[in-house]
Amino acid sequence: MNGAGDVDLYSLLASGFPDDLSDCCIETEDGSRYSWSDVERASAMLANLLVRLDLSAGDRVAVQVEKSPEALLLYLATLRAGLVFLPLNSAYRAAEIDYFVGDAEPAVVVCSPANLGWVGPIARRHRVRHVFTLGADRSGTLLEAAAAESPEFETRAVRGSDLACIVYTSGTTGRSKGAMLSHANICSNALVLHRYWRWRRGDVLIHALPIFHVHGLFVACHGALLSGSPMLWLARFDVSAVIERLPRATVFMGVPTMYVRLLDDERFDVQATRGMRLFVSGSAPLLPDTFRRFEERTGRRILERYGMSETAMLTSNPYDGERVAGTVGLPLPGVELRVVGEKGVECRVGDVGAIQVRGPNVFSGYWRMPEKTREEFTEDGFFRTGDLGELREDGMLRLTGRAKELFKTAKGKYVAPAPIENRLNAHPMVELSLVSGIGQPAAYAIVQLAEDLRPRIGDATVRAQVQAELERLLDEVNRDVADYEQLRMIVVTREPWAIENGYLTPTMKVRRSRIEAAVEAHVERWYAGGQKVQWA
């Protein structure tokens, strides 16, 4: 695991498969079942196809497809063939795919059949040697080409330091960067989480996350595979589908928005969750109010953790012991974490500073960005996460925001948007928010209303009630923050923020730079309007 060994990620995961390979590994929404033997045989066929393409060790396989068991099998096949997997958000459009393909220079591109018309020309322009299609319904040229391949494959030997994946960062504030993760990086994290979260035979995971990012692929899939646990596979998160499967499951992993939506359904209660042993939340801050409501409703506490594309998981609330609302827990075994001030001196307990980490799970650097890589590591080998936080007396970490999200208004002092956004998001009328105001007289907030409210805003009575409540919320927030942090107004967005239109990252975090660019032409008009609440 030190980067020089011969441990490869696929072999580690396969070591956890059950003795009876005829057992179910994946069950889809339509009742289709994939056995562990199916996983081994199908990934072998795909690996044989990749090898037959005469690819070299380290060649990249870029994949932008809808979620399906076959997409997971392609990931495993890429690992087995000694190649580098490059997962891409299925919502990315031409400009973004053009950047990723040009930057990573993959030897293989796999896309959805419906997107071939525009992905194909991009791949040809960048001289990609092989382009295949893969549909969520098992259609496409990839499976057709693999059908004739042998179901036997001897996984290629790799070094722990060899690349397994390149994961592009979400790019909430700027251009995405390719985080290079080795077999050793990912193996170390998989083993730690396997032990720390007490994965066991008999667990059943409801898998409702996308698989083109760390949370859905590394944390959820690896956990289930390494423990020989079946997955109840959902193409996308759906409240009713999750609740329907809870009696058969023991583990669920989600982002905070998923938990909010589950709590909005009266069927989600103690009885529905009686067989569950673990609910994990990550990828965005879990509001203390959601944590408390969840415990009141189910009698269980969500386990919140913290990780990044560059590091996989770094901290976790304990499996056994007190899980504290508003914190992301303790450093995981093997992870060193410190919080430092402006001059690099470690902060005292309770003081906010920059979070730095070191450990076997931390990536080696950014793809073809040596200067950026050097900038992000300290002389003693700690990675500068870019996150801000504070350590409590008990060692628990509390996140307070991203350093790059800090901005100055015309008042000349830095505003940290995250704490204000958390206050706004805690209101039942608000689903998501963004605080901005670079160079403006004061900060302002844009909010997306709760899902059940949005269709009713055309009703004048409802709109007036929302307006009055948001004005009260604005006054409450401004009473609790410093004068230079106070909001001039709350703007209600008209267009919903979604992964599909690029306003949210795959983990449902607000893509700050995208939204700020979209509203730039309207900001001056909003300030000139002088109203506490404005409608975009």
Side-chain angles (χ1 to χ4, degrees), residues 9-10 12-13 16 25-26 67 71-72 75-76 79 85 87 89 164-170 179 181-200 203-234 237 242 249-259 276-286 302-319 323 328-335 357 359-363 385 399 505-509:
L9 179 54
Y10 179 79
L12 174 68
L13 298 175
C25 174
I26 301 172
K67 181 181 179 182
L72 177 61
Y75 164 62
L76 297 177
L79 298 176
F85 192 71
N89 185 342
C165 293
I166 297 177
V167 180
Y168 277 87
T169 59
S170 298
L181 292 161
S182 70
H183 285 262
N185 291 150
I186 305 174
C187 284
S188 68
N189 211 235
L191 286 168
V192 165
L193 294 180
H194 177 75
R195 293 189 292 264
Y196 201 80
W197 290 346
R198 308 290 197 272
W199 279 97
R200 62 194 68 168
D203 273 333
V204 178
L205 169 70
I206 298 177
H207 197 301
L209 292 162
I211 58 171
F212 47 72
H213 64 78
V214 166
H215 194 172
L217 187 58
F218 295 169
V219 182
C221 287
H222 288 177
L225 293 171
L226 186 54
S227 63
S229 301
M231 291 179 271
L232 304 179
W233 192 267
L234 300 179
F237 174 75
V242 170
T250 62
V251 180
F252 177 80
M253 297 187 184
V255 298
T257 303
M258 292 180 179
Y259 288 107
M276 298 292 292
R277 71 166 185 87
L278 182 61
F279 289 94
V280 176
S281 180
S283 300
L286 181 74
I302 297 172
L303 185 151
E304 189 171 11
R305 86 304 179 278
Y306 161 54
M308 305 181 68
S309 299
E310 294 92 337
T311 65
M313 296 305 99
L314 292 164
T315 71
S316 173
N317 270 266
Y319 182 81
R323 300 175 191 173
V328 291
L330 302 162
L332 287 164
V335 174
V357 295
N361 54 306
V362 177
F363 76 140
T385 66
L399 300 177
T505 72
T507 51
M508 301 179 79
K509 289 182 283 192

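Values below: all heavy atoms of this structure, side chains included; hydrogens, waters and symmetry mates excluded.
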Contacts satisfying salt bridge (charged side-chain N to carboxylate O under 4.0 Å, His left out) that involve residues 182-199 (not counting sequence neighbours) are Arg198-Asp320

- Query: Within a strict 4.5 Å, meaning less than it, do heavy atoms of the His222 and Leu9 side chains meet?
  - Reply: yes

Side chain to side chain contact (heavy atoms under 4.5 Å, CB included) between Leu193 and Leu332, worked out = CA-CA 8 Å; Leu193 294 180; Leu332 287 164; 3.8 Å; yes

Ser229 meets the side chain to side chain donor-acceptor pair (under 3.5 Å) criterion, sequence neighbours left out, with Ser227

So CD1 of Ile302 and CZ of Phe279: to nearest 0.5 Å the spacing works out to 8.0 Å

(request) Apply the test side chain to side chain donor-acceptor pair (under 3.5 Å) to residues Tyr319 and Arg277: give CA-CA distance (whole Å), side-chain angles for both, the deciding distance (0.1 Å), then the verdict. (result) CA-CA 10 Å; Tyr319 182 81; Arg277 71 166 185 87; 3.1 Å; yes

Side chain to side chain contact (heavy atoms under 4.5 Å, CB included) filter on Glu310, not counting sequence neighbours, yields Thr169, Ala179, Met308, Phe363, Tyr366, Phe383

Closest non-hydrogen contact found for Asn317 with Arg323 is OD1-CA, 3.2 Å

Here the pair of heavy atoms bringing His215 nearest to Ser283 is ND1-OG, 3.0 Å

Interatomic distance, OG@Ser316 vs OH@Tyr196, rounded to 0.5 Å, equals 5.0 Å

Note: Tyr259 and Ser281 closest approach over all heavy atoms is CE1-CB, 3.6 Å

*Minimum side-chain heavy-atom gap Asn185-Pro360 below 4.5 Å*: no

request  = Applying side chain to side chain contact (heavy atoms under 4.5 Å, CB included), run through Val219 and Val214 and close with a yes or a no.
outcome  = CA-CA 6 Å; Val219 182; Val214 166; 4.3 Å; yes

For Thr385, the side chain to side chain donor-acceptor pair (under 3.5 Å) test, sequence neighbours excluded, returns none

query = Between Asn361 and Val192, is any pair of side-chain heavy atoms under 4.5 Å apart?
reply = no

Find out whether Glu304 and Val280 are in side-chain contact, i.e. whether some heavy atom of one side chain is under 4.5 Å from a heavy atom of the other. no

Applying ring-ring contact (aromatic ring centres under 6.0 Å, His included), run through His194 and Trp199 and close with a yes or a no.
CA-CA 5 Å; His194 177 75; Trp199 279 97; 7.5 Å; no

field: Residue pair Leu303 / Trp197, side-chain heavy-atom distance below 4.5 Å
entry: yes

Side chain to side chain contact (heavy atoms under 4.5 Å, CB included) between Leu79 and His183, worked out: CA-CA 9 Å; Leu79 298 176; His183 285 262; 4.3 Å; yes

Report the C-alpha separation of Leu191 and Leu12 in whole Å, then their side-chain angles, then the decisive distance to 0.1 Å, and conclude whether the side chain to side chain contact (heavy atoms under 4.5 Å, CB included) test is met. CA-CA 9 Å; Leu191 286 168; Leu12 174 68; 3.8 Å; yes

Correct closest heavy-atom pair for Ile186 and Cys165 would be CD1-SG, 4.2 Å

Tightest non-hydrogen contact, residues Cys221 and Ile211, listed as SG-CG2, 4.2 Å

Ignoring hydrogens and angles, write down the donor-acceptor pairs under 3.5 Å from the side chains of residues 250-258, residues two or more places apart or on other chains.
{"unit_1": "Thr250", "atom_1": "OG1", "unit_2": "Asp203", "atom_2": "OD1", "d": "2.8"}
{"unit_1": "Thr250", "atom_1": "OG1", "unit_2": "Val204", "atom_2": "N", "d": "2.9"}
{"unit_1": "Thr250", "atom_1": "OG1", "unit_2": "Val204", "atom_2": "O", "d": "3.4"}

Any donor-acceptor pair under 3.5 Å linking the side chain of Lys67 with the backbone of Leu209? yes

Sequence neighbours excluded, the answer for side chain to side chain contact (heavy atoms under 4.5 Å, CB included) partners of Pro285 is Asn422

I want to check something: taking the side chain as every heavy atom from C-beta on, are Leu181 and Thr311 in contact at a cut-off of under 4.5 Å? no

d(Ile26 CD1, Leu225 CG) to nearest 0.5 Å is 7.5 Å

* To do: Check whether any side-chain heavy atom of Phe85 sits under 4.5 Å from a side-chain heavy atom of Leu217, and report yes or no.
  => yes

*In terms of the angle between their ring planes, are Tyr75 and Phe218 parallel, tilted or perpendicular, with boundaries placed at 30° and 60°?*
tilted

When every non-hydrogen atom of Gly307 is compared with those of Met313, the smallest separation belongs to CA-CE, 3.7 Å

